[in-house]
Amino acid sequence: MSTVCVTDADLVARARQGDPAAFGELIDRHRVAVYRAALAALGSHADAEDALQEAFLAAYRRLDSFRGDASFKTWLLTITWHQAINRRRSLIRMFRRMVDLGGAGDRVESIEHPGVSLIEQVAAIGPSPEQAVADEQLRREIQQSIRALSPKLRDALLLAQSGAYSYEEIGAMLEAPTGTIKWRVSEARKAIKKRLRERGYGDVA
Amino acid sequence: MAMWPDDEEHGTRIDPAIDAAARQMTDGVPGADLKARVLARIGERESSSRGWRLAWILSPAAAAAIILLIVIGRSFYGRDHRVESPAPQPPVAAAVKQQPASTTASVRPDTTPVTRVRSKPDAAYGLDANRTRTQSTPSEIAALVPAPLDVESIRVSALPPADSIRVAPLEAIEPIDVEPLAAPEIDDTQRRER
């Protein structure tokens with residue numbers, strides 16, 4: 001039988017019986033979505049990987065408590081989110097560095113493209129160097145503004161814009177109603193725009 | 001209320017930029033070895049938990065074995081101490097049985113208590129005990145054994161059968177009628193006298 005036809009519930013049942021391959025299949029299916037949630041919470045690839053590993057281990061330990069009320073993905077995302085939030089609280093120094101407006105924006109890029117400066121990246125891709133630099137400057141300013149948001153608004157915005165989750169899944173992760181999540185996303189946008197205006201980005205193209 | 005003159009236009013331009021920036025912040029894939037690492041840790045955990053389970057199963061057996069060893073050790077220890085005690089004296093009753101009956105004197109068995117060695121003697125008591133042990137040798141102890149007595153076995157003749165005791169039945173007693181007491185009549189003169 002092909003694994004494509006196997007549902008998450010089947011894999012969970014097999015994993016409960018001690019089949020590690022079934023749990024490995026579940027990891028393959030959901031690792032990207034789960035990873036993005038951890039990255040949204042922590043802002044660091046290394047920490048997100050660690051949190052992801054802990055989340056999968058915690059999920060394996062708690063497989064018996066999965067009742068199937070929600071989908072396995074939602075259940076796994078909830079566990080991951082709690083793991084990531086616990087890690088974020090324990091790594092308070094890193095959290096402050098994330099919120100810090102100065103220099104934090106370079107960190108993600110340097111991990112994604114080590115050894116390549118932002119200007120070089122923009123110059124290699126953009127239609128014109130001036131426009132590319134301006135766009136990159138704006139993007140960095142927005143990312144700094146996102147980091148400066150309160151945790152509730154930032155988490156909701158990042159999870160919503162990641163494109164990996166529905167509002168219902170975000171609500172399950174953040175333990176808030178869907179309407180509240182939508183409101184938080186809207187408030188986050190307003191706060192970012194306000195900050196950009198204060199920084200002179202009124203004529204952004 | 002809009003704080004910016006071209007707020008709506010600005011919003012339509014900036015929203016995609018916000019979306020793109022946020023998406024980029026959560027963009028990424030975990031390392032290729034994530035699955036292997038997680039499964040390896042699950043394997044480690046299961047092997048360690050299996051070890052713990054085995055320990056849980058074996059620990060009562062180990063405890064029982066230790067208790068058994070202690071009991072056996074104590075029994076051997078006690079036997080060794082009994083060997084160390086003075087040679088047992090021949091029981092007088094047995095000696096009496098073996099000898100032919102010659103007298104009818106009553107013989108009381110030797111009630112001398114058997115010497116017992118304390119496993120942990122007191123300091124003062126231990127000194128005396130050690131001294132006693134060093135002073136008395138088996139030959140001396142054997143010399144103290146009393147000579148076997150030459151006594152007849154005690155024969156008790158059976159009692160002659162006696163007549164049964166007959167008790168005459170009690171005679172029936174006639175019932176006694178008791179009349180209620182009546183208060184004596186006292187006149188005024190008698191009352192005054194009293």
Side-chain angles (χ1 to χ4, degrees), chain A residues 15 18 20-21 23-25 27-28 31-32 34-41 43 45 48-49 52-57 59-61 108-109 111-112 135 138-147 154 157-164 185 188-190 192-194 196-197 201-205, chain B residues 1-70:
Chain A
F23 195 73
E25 176 66 22
I27 292 173
D28 282 340
R31 65 191 184 109
V32 174
V34 170
Y35 180 74
R36 286 182 178 170
L39 193 58
H45 289 272
E49 283 237 4
L52 187 62
Q53 194 171 323
E54 295 300 323
F56 275 122
L57 285 170
Y60 185 79
R61 281 196 296 268
V108 173
E109 285 78 16
I111 291 169
E112 288 173 351
D135 288 349
L138 175 64
R139 188 184 62 79
R140 288 173 62 181
E141 194 65 45
I142 290 171
Q143 287 187 345
Q144 288 175 4
S145 302
I146 290 171
R147 290 189 179 95
R154 185 178 62 240
L157 178 70
L158 289 178
L159 290 172
Q161 296 310 315
S162 70
V185 172
R189 285 181 184 280
K190 283 182 190 172
I192 292 167
K193 286 175 189 173
K194 183 182 174 189
L196 289 174
R197 274 187 233 117
Y201 282 91
D203 55 346
V204 64
Chain B
M1 188 177 177
M3 292 175 64
W4 211 337
D6 54 346
D7 194 49
E8 281 190 12
E9 187 189 358
H10 177 260
T12 54
R13 288 174 183 172
I14 203 73
D15 275 337
I18 292 173
D19 293 347
R23 199 172 301 122
Q24 194 176 12
M25 287 176 76
T26 56
D27 195 19
V29 289
D33 60 339
L34 172 82
K35 180 179 163 184
R37 275 187 285 138
V38 171
L39 292 181
R41 283 190 65 184
I42 288 172
E44 282 174 18
R45 187 181 159 273
E46 285 195 340
S47 63
S48 68
S49 70
R50 218 175 294 135
W52 276 108
R53 216 176 297 142
L54 194 65
W56 270 106
I57 293 166
L58 290 181
S59 59
I66 288 167
I67 291 167
L68 191 67
L69 282 175
I70 290 169

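None of the values given here were measured: they were computed from a predicted structure. Values reported hereafter were calculated over all heavy atoms of this structure, with side chains retained and with hydrogens, waters and symmetry mates removed.
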**Q.** Check: Tyr35(A) and Thr26(B) side chains under 4.5 Å, non-hydrogen atoms
**A.** no
(Q) Under 4.5 Å from any heavy atom of chain B, what part of Ile146(A) do you find: side chain, backbone, both or neither? (A) side chain
(Q) Any non-hydrogen side-chain atom of Ile18(B) less than 4.5 Å from a side-chain atom of Gln161(A)? (A) no
Q) Picking from Ala164(A), Ser162(A), Ala48(A), which has the most non-hydrogen pairs under 4.5 angstrom with chain B? A) Ser162(A)
Q. Hey, which of Leu52(A), Ile27(A), Leu39(A) is the one that makes side chain to side chain contact (heavy atoms under 4.5 Å, CB included) with Pro30(B)?
A. Leu52(A)
Q) What option among Gly24(A), Ala188(A), Pro20(A) has the most heavy-atom pairs under 4.5 Å with chain B? A) Gly24(A)
Q.
Please find the pair of heavy atoms, one from Leu34(B) and one from Glu49(A), that lie closest to each other, and give the distance.
A. CD1-O, 4.4 Å
Q | Heavy-atom side-chain contact between Gln24(B) and Arg139(A) under 4.5 Å | A | yes
Q: Using side-chain hydrogen bond (donor to acceptor under 3.5 Å, both in side chains) as the criterion, list what pairs up with Gln53(A), not counting sequence neighbours.
A: Arg37(B)
Q | By side-chain hydrogen bond (donor to acceptor under 3.5 Å, both in side chains) - contacts of Arg61(A) (at least two apart) | A | none
**Q.** side-chain contact (heavy atoms from CB on, under 4.5 Å) assessment of Tyr60(A) paired with Val38(B)
**A.** CA-CA 10 Å; Tyr60(A) 185 79; Val38(B) 171; over 6 Å; no
Q) Looking at CG of Leu39(B) and CZ of Phe23(A), how far apart are the two atoms once the value is rounded to the nearest 0.5 Å? A) 8.0 Å
Q: Compare every heavy atom of Leu138(A) with every heavy atom of Ala17(B), then report the nearest pair and how far apart it is.
A: CB-CD2, 4.0 Å
Q | CZ on Phe56(A) to NZ on Lys35(B), rounded to 0.5 Å | A | 11.0 Å
Q: Kindly compute the distance separating CG (Leu196(A)) from CD1 (Ile14(B)), expressed to the nearest 0.5 Å.
A: 5.0 Å
Q: Heavy-atom pairs under 4.5 Å with chain B are the metric here; pick the option from Asp28(A), Val32(A), Leu157(A) that has the most.
A: Asp28(A)
